[in-house]
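The structure appears right after this line, and notes come after that.
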Number of protein chains: 2
Amino acid sequence: MAKTHTAQPRNTKQKDAMRSAFHLANRPLSPEEVLEAVREEVFGISLATVYRNINAFMEDEWLTTVEIPGQPARYEVAGKEHHHHFQCTACGKLYELEGCTFHGKTKLPRGFLATSHEYFVYGVCADCRS
Amino acid sequence: MAKTHTAQPRNTKQKDAMRSAFHLANRPLSPEEVLEAVREEVFGISLATVYRNINAFMEDEWLTTVEIPGQPARYEVAGKEHHHHFQCTACGKLYELEGCTFHGKTKLPRGFLATSHEYFVYGVCADCRS
DNA sequence: ATCGTTGCAAACTCTTTGCAGGATT
DNA sequence: AATCCTGCAAAGAGTTTGCAACGAT
């Protein structure tokens, strides 16, 4: 027997603060970065809540995951067009790159079929260079 | 006061089996994959030993890390020329791609400096397609 | 006989989950 | 008032480490 209606999400200051944090940052954030950003506004917010809400936002498709090699995932506001990322090796921050400048057709072993790709650029960001 | 001599590494069947596993696989292996491959030869080998020896091999620069977005690292025999990797989304295996076909100069935000890049292709490998 | 190496179990980090109290509608 | 959400603490996954026994030299 099915439930009559689905869960009604509620607005909380924790969620609001997290939404603001993502808008303000304008770059992919790790759970820890979210926690830091949000702590100023919502004292005592727990990391568990950050994770839970990140996952909720992903179910809502308001956030998407940005997985980086060898590091905890970052999350960014969903719906942007295909793009890749830049990571500063000095401060560790992840930045969004415009568009996808990758056009070459990669040579694959015989019988392999490509369906997607990921591309990361590493270097130093403007803040860390100045 | 400095030690008179450095540690003398010893050959063990565990290390030998691990070296063979990497040579035979001819693709980057995760610690779990190494464990599986080696178990047939060395019954009772522990995951801790696999990790310890992987780290030792990396200090010897015989292995290098291959970090993949959102997954445990793989390791491959060091000293190969610049190349990238393909991951099969069906079986999860990682394969080496020949050379680097990436030539485009990526447009970075003002003031950013690029020093390196990573590139991953995802798809289905020949084994999983047949 | 040394002393590097191993297996086991405990410790650690990152992330998820159970639960009881607190907050939103 | 109903029930969603939160904080805390415990539980899981992946990796590292302490320790006593083992084994290569």
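Order of the sequence lines fixes the chain letters, A, B, ..., with proteins taken first and strands second; residue numbering starts at 1 for each chain.
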Item to complete: Please list, chain by chain and in numerical order, all residues satisfying side-chain contact (heavy atoms from CB on, under 4.5 Å) with B/E32, sequence neighbours excluded.
Response: B/S30, B/L35, B/L47

Practice prompt. Report the distance from atom CZ of A/R74 to atom C1' of C/dC14, rounded to the nearest whole Å.
Written response: 13 Å

Discussion item. Distance check needed: D/dG7 C1' versus A/M18 CE, whole Å only.
Written reply: 15 Å

Practice prompt. Starting at atom CZ of A/R19, determine the distance to atom P of D/dC5, rounded to an integer number of angstrom.
Written response: 11 Å

Worksheet item: For the pair made of CD in B/E36 and P in D/dG14, what is the distance, rounded to whole Å?
Response: 13 Å

Worksheet item: Which letter, B, S or -, goes with each nucleotide of nucleotides 19-25 of chain D from 5' to 3', with contact meaning a protein heavy atom under 4.0 Å?
Response: ----BBS

Worksheet item: With B/D60, which residues qualify under side-chain hydrogen bond (donor to acceptor under 3.5 Å, both in side chains), at least two apart?
Response: none

Item to complete: Using the test ring-ring contact (aromatic ring centres under 6.0 Å, His included), find all partners of B/F112 that sit at least two apart in sequence or belong to another chain.
Response: A/F86, A/Y95

Practice prompt. State which of D/dC8, C/dA9, C/dT6 makes the closest approach to the side chain of A/S46.
Written response: D/dC8

Worksheet entry | OP1 or OP2 of C/dG7 under 4.0 Å from side-chain N/O of B/T49 | yes

Worksheet item: Using a cut-off of less than 4.0 Å, is there contact between a side-chain N or O of B/N53 and OP1 or OP2 of C/dT6?
Response: yes

Fill in: Inter- and intrachain pairs under side chain to side chain donor-acceptor pair (under 3.5 Å), touching residues 121-130 of chain A, at least two apart
none

Item to complete: Calculate the interatomic distance between B/Q71 atom CD and D/dG14 atom C1'; express it in whole Å.
Response: 13 Å

Worksheet entry | Spacing of B/E33 atom CD relative to D/dG14 atom C1', expressed in whole Å | 15 Å

Discussion item. Do B/I68 and B/L94 have side chains that approach each other closer than 4.5 Å (heavy atoms only, starting at C-beta)?
Written reply: yes

Item to complete: Identify whether the distance between the nearest side-chain nitrogen and carboxylate oxygen of A/K80 and A/E98 falls below 4.0 Å.
Response: no

Item to complete: Mind checking side-chain hydrogen bond (donor to acceptor under 3.5 Å, both in side chains) for A/E76 and listing every partner two or more places apart, or none if nothing turns up?
Response: A/H83, A/H85

Discussion item. How many whole angstroms separate atom CG of A/L47 from atom C1' of C/dT17?
Written reply: 14 Å

Item to complete: Would you please confirm or rule out a distance under 4.0 Å between OP1 or OP2 of D/dT6 and any side-chain N or O of A/Q14?
Response: yes

Worksheet item: Can you tell me how far C1' of D/dC5 sits from CG of A/N55, to the nearest Å?
Response: 15 Å

